[in-house]
Amino acid sequence: MTPNANVPDPRVQINDLDGRKATSNTSYYHSVTANISTSSASIKEACLSRAGSLSLIKKTEVLDLACISKSTLHLRIQSGLMPPSISLGGRSVAFVQHEIQAVLAALVAGQSNEEIKYLITVLVSVRQDIFSKEVLQCNM
């Protein structure tokens with residue numbers, strides 16, 4: 001089949017979105033990849049730096065952000081691919097926003113399941129450090 005001269009080539013449209021070349025997106029990809037380090041020290045440092053802006057989000061927001069169902073969320077939590085929720089009392093739970101954002105960024109960056117599991121173990125272990133830092137600041 002011969003391409004129609006009036007129909008633009010989709011490869012050109014993809015490579016030249018609004019005048020931006022696809023190569024400009026590679027620098028963004030590398031910056032995202034550089035921000036997601038497998039070093040537990042850098043992950044802990046990043047989490048502790050966000051302790052002042054610690055915020056919780058409800059399950060419905062996590063489902064919307066990740067574009068997944070409730071059952072998929074629970075399966076990912078059980079398999080260690082999403083951080084567990086925090087009990088707010090009764091049947092109410094919430095998730096730490098920066099943990100969810102870190103996991104989603106790791107998924108976007110193409111991290112393997114093992115790397116994401118490691119990230120989550122470090123993020124969850126930092127929860128106690130964040131608590132300790134907040135308590136120390138309140139007592140000063």
Side-chain angles (χ1 to χ4, degrees):
M1 178 162 75
T2 313
N4 188 345
N6 295 331
V7 178
D9 186 5
R11 292 172 292 188
V12 173
Q13 290 177 341
I14 291 171
N15 289 331
D16 192 17
L17 293 173
D18 298 327
R20 297 174 300 197
K21 295 291 180 193
T23 55
S24 66
N25 292 334
T26 58
S27 63
Y28 173 75
Y29 172 78
H30 291 299
S31 69
V32 169
T33 306
N35 289 336
I36 302 170
S37 171
T38 56
S39 166
S40 62
S42 63
I43 295 171
K44 286 183 179 183
E45 183 179 312
C47 291
L48 289 173
S49 69
R50 294 181 179 177
S53 63
L54 185 64
S55 61
L56 301 175
I57 55 176
K58 299 296 282 180
K59 185 191 298 187
T60 55
E61 190 173 347
V62 173
L63 297 174
D64 289 342
L65 286 172
C67 299
I68 57 176
S69 66
K70 288 182 192 178
S71 58
T72 301
L73 175 65
H74 290 288
L75 288 173
R76 287 188 183 176
I77 291 171
Q78 288 175 351
S79 63
L81 294 173
M82 285 295 270
S85 60
I86 295 173
S87 175
L88 299 176
R91 296 181 342 178
S92 181
V93 297
F95 293 83
V96 180
Q97 184 175 18
H98 71 84
E99 291 178 358
I100 299 299
Q101 290 173 339
V103 171
L104 293 177
L107 288 169
V108 169
Q111 300 289 317
S112 69
N113 284 349
E114 290 77 25
E115 291 171 322
I116 293 172
K117 286 180 183 182
Y118 177 74
L119 171 66
I120 290 169
T121 58
V122 172
L123 289 170
V124 171
S125 70
V126 168
R127 287 181 183 179
Q128 185 61 38
D129 294 339
I130 292 173
F131 171 75
S132 299
K133 182 179 177 183
E134 289 293 316
V135 168
L136 290 174
Q137 286 180 353
C138 291
N139 291 333
M140 290 182 163

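These values consider heavy atoms only, across backbone and side chains, with no hydrogens, waters or symmetry-generated copies.
- For K70, the NZ atom sits in a loose shell: 12 or fewer heavy atoms of surrounding residues, nucleotides or ligands are nearer than 6.0 Å.
- For the atom pair CZ of R76 and CG of L107, the computed distance is 6.5 Å after rounding to the nearest 0.5 Å.
- Residues K117 and S79 bring no donor and acceptor atom of their side chains to less than 3.5 Å of each other.
- The shortest distance between side-chain heavy atoms of L65 and I57 falls below 4.5 Å.
- Side chain of S92 to main chain of G89: no donor-acceptor pair is present (N/O by atom type, distance under 3.5 Å, no hydrogens or angles).
- Separation of atoms CG (L81) and OG1 (T72) is listed at 11.5 Å; rounding is to 0.5 Å.
- Side-chain contact check for I116 versus M82: every heavy-atom pair is 4.5 Å or farther apart.
- The two residues I77 and P84 make their nearest non-hydrogen contact at CG2-CA, 4.1 Å.
- No continuous path of hydrophobic side-chain contacts links L75 to L63 [ILVMFWY only; heavy atoms under 4.5 Å].
- For the pair L119 and Q111, the minimum side-chain heavy-atom distance is 4.5 Å or more.
- Side-chain atoms of V103 and F95, non-hydrogen and from C-beta on, never get closer than 4.5 Å to each other.
- Taking 4.5 Å as the limit, every side-chain heavy atom of L56 sits out of range of all side-chain heavy atoms of Q97.
- Here the straight-line distance linking atom NE2 of H98 with atom CG of L123 works out to 7.0 Å at 0.5 Å rounding.
- Side-chain atoms of P83 and I100, non-hydrogen and from C-beta on, do get closer than 4.5 Å to each other.
- Residues V93 and I86 have side chains not in contact (no heavy-atom distance under 4.5 Å, counting atoms from C-beta outward).
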